[in-house]
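Notes follow once the structure below has been shown.
Chain A is the first sequence line, chain B the second, and so forth, proteins listed ahead of strands; every chain is numbered from 1. No experiment lies behind these values; they were computed from the predicted model shown.
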Amino acid sequence: MSVEIRIERHTNNGRVSPVGAFDLLHAGAVERAVEDAEPRLDGCESIDIDLAHLERIDGSGAALLARFFDRLDAAGRHPRLVEAGNPEAERLIAVYRRSRADRMPAATPRSGLLARIGQTAAEFPATVNSALDFMGRCVIAVPRAIAMPRSVDWRSLPKLLQEIGADALPVACAANLAVGVIIGFIGVSQLGRFGAVAYVPELVVVAHFRELGPLVTAIVVAGRSGAGLASEIATMQVSEEIDALRSMGFDPVRWLVVPRCLALVTVVPLLTWLGDMLALGGGLLATTAITAMPPRAYVLATMDAITPAHFFLGLVKSPFLALVIGVVACGQGLATRGGAAAVGARTTTAVVLAIFSVIVISAVFTSFYAALGL
Amino acid sequence: MIPPTPHIAVADLRVGWGSRVLMEHVNFEVERGTTFAILGGSGCGKSTLLRHLIGLERPQAGRIEIDGVGEPHRYAGAPHFGVLFQSGALFSSLTLEENLLLPLTTWTSVRGATALELARAKLDLVGLGPFAEHLPGEISGGMRKRAGIARALMLEPNLLFFDEPSAGLDPITAVELDQLIVTLSRDFGITIVIVTHELPSIFLVVKDCIVLDKAAKGIVARGDPRTLRDQSTIPFVHSFFTRSSPAHSKRQGV
């Protein structure tokens with residue numbers, strides 16, 4: 001079905017007759033017809049609009065015609081509807097013209113990229129301040145939780161231990177086993193050049209117990225449970241559950257953050273210890289697979305290499321790494337404002353920040369041990 | 001003379017989950033161009049019935065026809081109806097304008113300046129033209145609902161479903177929304193189905209309704225809400241429209 005706008009001119013007067021189907025299906029053709037018609041009306045002082053030849057019109061066609069007539073009006077061409085042309089079309093066009101006339105004052109335009117960078121920089125001190133404020137509230141929450149045990153949601157603790165610990169066991173163990181295998185292969189290829197394959201078990205013990213075990217386990221937990229905790233609390237925040245807690249006199253930090261951090265601090269060292277055992281197995285598999293070292297010799301060398309220092313220096317880190325995961329994830333969750341998109345954004349930030357914090361804290365511990373000669 | 005086909009026809013519908021039946025033997029028709037309401041107390045299944053009407057749930061038994069087409073065919077292409085969900089259900093990562101452009105650019109060949117023009121026109125229609133580039137999180141609940149209506153209108157449907165349009169709004173905003181519904185029905189000739197229990201809205205915009213009752217597991221009354229208010233002899237219906245307790249209605253002999 002063709003769409004056109006017929007124009008007749010008599011000196012300074014014009015007559016506009018839209019013809020055809022002015023609907024959503026033909027919106028592109030309608031827009032082109034309008035663009036074609038506008039310049040042909042230059043110089044007209046009054047324009048009669050005859051809607052009698054419209055074969056069909058819907059809201060989209062009416063909206064485009066209303067905009068066309070608005071522009072003619074703004075250009076001082078005084079468009080005027082011919083009486084009894086098409087009452088339905090007149091009514092629809094009038095609704096759209098009226099709604100445009102009812103427009104409220106223009107809103108502030110959205111800021112550009114440079115302005116947003118500036119705004120982020122300006123907000124940085126406040127961000128740091130709120131992060132420190134949250135950490136302070138977490139520190140205060142611990143003695144208060146001990147003094148008022150009923151202010152903590154202890155009933156959620158078993159479920160949290162299950163979700164953060166038991167449910168994460170397969171992936172944490174698999175990751176540590178794989179890292180043990182990698183250390184084993186690297187050890188054999190590098191130490192083997194000096195005929196020192198016998199030191200591979202010690203390398204696996206030292207590297208994994210002291211550094212990689214806590215780090216790998218914490219990264220796995222940060223990615224898995226950190227994301228879960230952050231999105232759960234963020235969803236509670238946007239659905240006003242946190243506000244409801246506050247309105248009932250609960251401190252969300254004590255009610256939500258304390259049990260989650262406690263669960264993490266309890267479970268992550270256990271996962272790390274299990275991961276250490278799996279990594280020893282990984283080293284054993286790799287070494288015995290590509291060298292002539294018998295498994296028994298590997299096990300004996302490993303037992304000689306494990307010292308209380310190696311074992312505990314790694315495990316001491318784990319609760320701190322777990323704590324930082326909990327604080328970052330819960331803090332990001334509680335800082336969420338907005339809707340579903342904000343939940344996703346905060347969850348991503350929580351995971352990135354938690355993994356970065358875990359690496360930094362691990363490096364700080366290593367430097368500290370080195371400075372003390374441990 | 002052949003009577004006109006109803007816009008919506010529901011025949012012997014049974015709704016529920018598993019062995020639990022929420023309502024059964026539900027039969028009603030909605031005429032074209034009318035504003036029809038599904039009424040009832042909390043938990044009677046109003047919103048569930050709406051979800052069945054728009055094809056989000058499958059009935060346990062019975063048939064729902066829109067424009068004479070049964071449920072399985074309803075989502076074969078662009079939907080012929082629009083829906084306003086309780087919260088507006090705008091996509092929070094998109095601006096209002098982008099929310100409106102989504103159905104238009106998905107289901108039609110309209111693009112570029114024309115698409116923008118149409119989106120702006122719809123936003124103007126609901127009074128949100130100046131907020132086109134705002135995110136849903138930056139506007140009020142009433143504005144989100146109006147933006148939801150604008151989005152529902154983008155494909156020029158001849159049927160609109162509203163789930164609790166006035167819920168949670170202040171009286172002035174609720175009346176503005178009701179007036180918008182009246183405009184859509186009167187000027188655009190759109191058939192409107194509303195799920196609500198807001199009495200002021202019901203009496204302002206609705207011409208025909210059904211009343212659902214949880215205990216009866218189905219429809220207990222049908223007709224003009226004013227007539228039902230003034231003449232119904234069913235205690236639950238009388239209580240619903242007069243905001244009195246069922247016990248009080250029984251004492252009054254209704």
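At most 12 heavy atoms of other shown residues, nucleotides or ligands fall within 6.0 angstrom of atom CZ in Arg80(A). Counting heavy-atom neighbours within 6.0 Å of Arg226(B) CZ, excluding the residue itself, gives a total above 12. Phe203(B) CZ: more than 12 foreign heavy atoms inside a 6.0 Å radius.
The existence of a salt bridge linking Asp124(B) and Arg67(A) is confirmed by a sub-4.0 Å separation between a basic side-chain nitrogen and an acidic carboxylate oxygen. Between Glu117(B) and Arg71(A), at least one side-chain nitrogen of the basic residue sits less than 4.0 Å from a carboxylate oxygen of the acidic one, meeting the salt-bridge criterion.
For Leu24(A), the parts lying under 4.5 angstrom from a heavy atom of chain B are both the backbone and the side chain. Neither the backbone nor the side chain of Leu123(B) comes within less than 4.5 Å of any heavy atom of chain A.
How far NZ of Lys122(B) is from OG of Ser60(A): 4.5 Å, rounded to the nearest 0.5 Å. To the nearest 0.5 angstrom, His26(A) atom NE2 is 12.5 Å from Thr108(B) atom OG1. With rounding to the nearest 0.5 Å, the separation of CZ in Arg98(A) from OG1 in Thr183(B) is 6.5 Å.
Of all heavy-atom pairs spanning Ala27(A) and Leu118(B), the tightest one is CB-CD1, 4.1 Å.
In this structure the side chain of Asp58(A) never reaches within 4.5 angstrom of the side chain of Phe188(B), judged on heavy atoms.
Contacts between residues 340-347 of chain A and chain B, defined by a heavy-atom separation under 4.5 Å, are made by Ala340(A), Ala341(A).
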Please list every donor-acceptor pair under 3.5 Å in which a side-chain atom of residues 125-132 of chain A meets a protein atom from a residue at least two apart or in another chain.
| residue | atom | partner | partner atom | Å |
| --- | --- | --- | --- | --- |
| Thr127(A) | OG1 | Glu123(A) | O | 2.9 |
| Ser130(A) | OG | Ala126(A) | O | 3.3 |
| Ser130(A) | OG | Thr127(A) | O | 2.9 |

